[in-house]
Amino acid sequence: MSIQKLYFALFAFLCLSTIGYSQTPDLNNGTQTRPTAVAVPIESEPLVDGNILKDEVWQKIKPFGGLLQSQPNYGQAASERTEIRIAYTEHTFYVAVVCYDSDPDGLVVSDARRDALLDNTDAFLFIVDTYKDNQNGFIFGTNSLGVEYDAQVDNEGQGNQNTNRQQGGTIGGFNLNWDGSWKVRTSVHNEGWSAEFAIPLRTLRFQPGKDWGINFRRNIRKTNEIAYWSPMPIGFNLNRLSLAGTLTGLNLKTPRNLKVIPYVLGQLAKDYEAIDPKAKFTPEVGGDIKFSITPSLTLDLTYNTDFAQVEVDEQQVNLDRFNLFFPEKRPFFLENAGLFSVGSPGEVDLFFSRRIGIGDDGNIVPIIGGARLSGKLDRTNVGLLTMFTDEVEDAGIHKNNFTVARVNHEFKGRSALGAAFINRSGIGIQDDFNSTIAIDGKLGLGRKARMTGFYAQTNGPLDTINEHSFRLKTDYVWNSWEIGGGIRKLGKALIRKLDFYNVRPSENRKQGFYIIIGQRMKTRSSWN
């Protein structure tokens, strides 16, 4: 049997077995009716202090709950009662929860930092699919201390499965580095603990006139319980938006959203070793502008960009020959960062924004300015980016322009088709450019499996042979089982040319055929 026939047989087997399994209509199959909640419009805003049981605004709204365990006793009701209420005003979206607990003095809190991991603590989280596309959403969460936890989810969080939390950025489909403007307050009382979320509508991106997808999760640490409002099969979490419930009753108006963040710096210097020392004052101005063209389409502008306030990277130790990956944390690039993702997450990322503003040797390259348009037009994701960087004479770096154009149309059934154009060009220098075009797509096979793939081709003065890369993959994931296989290839010329991007072949497998079969702890075998 030829290798091509082997590939075909593998994909056919996975597809047919997936379709066959997906016909069983039970709770564990995910095809049961999903729950529905109603958001209540209110005139007077509640006092956001965590004291929900004493707030008249919340007491007038009928609560809902009925969370079911995902672990340890799948499908059974949670051991503790949870009451959830949802309301909204013209400007703000509110969520209130009362987490009843028979032992409020025994609540577990392991970390009080923003975006601290909530898995091993008593916590409450929820996700809103504001486009109702079953793919993208915003996560908010907290624990009894009122920790602010938020993230953006793209492609149901599917991507690189690296367990290094530092790499939970855009390539993983889960952007923990996104920080929205919102607040939460909590209260611990005799009945348990409560949390009150107030999220300005200008923080979210949505399409008016649509219901939202929504789901809730509660961790009860003393019994190691994880419970969901819309039940999740074993091995899945809130990111699985195609299995979320529905939030109705929303009558939202388009929020006005214009944010201007200017800065002014000054430097006074004097060279005392000069014959006639004189003080020299150097002023510097710049800033960012964020404007919502529509509720789902955002324009970002920047001039003389300054990233002095950005969180520093965590230290990493490099024990192999590949470059370290440091996720994007600069606010200008964070919103909707997943829309620009093209390629094979964690292996070949055709666009990696951290390469803008930094040289090959780690030199800081000043950003003159740029523009970024990102968002959604109905079911089509749009991303446009252009940035200009200044020269650094000491490092031999010339002025450059970086341009990215990305479009991705999502179909029903977890399927999509997209294309991208990525280019770096030296300003005023002939034959100094590097461009890549790519097409990618995914095909959902029921709720349990999908096929994904991409093809990329480079163009530039350094072109020789094999200046392309592709990957075709199919996988079946359900109840902590994973079965998959695929074909991939990464041309040698592509590795040399993608200086604008992040190319890191996993375990040096540049091409070949591989399979994955495992449960919880994945095992992998590969042939090259």
Donor-acceptor contact present, side-chain [X] to main-chain [Y], <3.5 Å:
X    : Y    : value
D133 : N136 : yes
Q207 : P295 : no
T121 : A123 : no
Q59  : I52  : yes
T203 : S181 : yes
T302 : G370 : no
N239 : E156 : no

[X] and [Y]: side chain donor to acceptor below 3.5 Å:
X    : Y    : value
N134 : K412 : no
S187 : N51  : yes
S374 : E335 : no
R217 : N215 : no
S292 : R202 : no
R205 : S296 : no

Crowded around [X] [atom1]? As in, over 12 foreign heavy atoms under 6.0 Å?
X    : atom1 : result
R414 : CZ    : yes
K54  : NZ    : no
I364 : CD1   : no
N224 : CG    : yes

Are the side chains of I42 and T89 in touch, meaning some heavy atoms are under 4.5 Å apart?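 A side-chain contact exists here, since the closest heavy-atom pair is under 4.5 Å.
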Heavy-atom side-chain contact between I289 and K259 under 4.5 Å: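 No, too far: nothing below the 4.5 Å cut-off.
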Determine, for F236 and R240, whether the Lys NZ or Arg CZ falls below 6.0 Å from the six-membered ring centre while staying within 45 degrees of the axis.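 Here R240 passes the 6.0 Å and 45° test against F236.
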Carefully, step by step, assess R471 and D440 under the rule salt bridge (Lys or Arg N to Asp or Glu O under 4.0 Å). CA-CA 9 Å; R471 176 175 179 173; D440 66 334; over 6 Å; no
So, using salt bridge (charged side-chain N to carboxylate O under 4.0 Å, His left out) as the criterion, who are the partners of E410 when residues are at least two apart?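 For E410, the residues satisfying salt bridge (charged side-chain N to carboxylate O under 4.0 Å, His left out) (neighbours in sequence not counted) are K376.
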Of all the heavy-atom pairs spanning [X] and [Y], show the shortest one and how long it is.
X    : Y    : answer
G146 : V184 : O-CG1, 3.7 Å
W58  : R85  : O-NE, 3.0 Å
R372 : F340 : NH2-CE1, 3.4 Å
G343 : L350 : CA-CG, 4.4 Å
F93  : L201 : CB-CD2, 4.0 Å
A37  : F64  : CB-CZ, 3.6 Å

Should [X] and [Y] count as an ion pair when the cut-off is N to O under 4.0 Å?
X    : Y    : value
D300 : K290 : yes
R114 : E148 : yes
D101 : K222 : yes
E196 : K183 : no
R221 : D103 : no

[X] and [Y] aromatic centres sub-6.0 Å:
X    : Y    : answer
F216 : Y228 : no
W182 : Y94  : no
W193 : F124 : no

List the steps, then state whether salt bridge (Lys or Arg N to Asp or Glu O under 4.0 Å) holds for E80 with R218. CA-CA 10 Å; E80 301 284 1; R218 181 182 174 186; 5.6 Å; no
Rounded to the nearest 0.5 Å, what's the gap from OG on S353 to CG on L334? Could you check?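 Rounded to the nearest 0.5 Å, the OG-CG separation comes to 7.5 Å.
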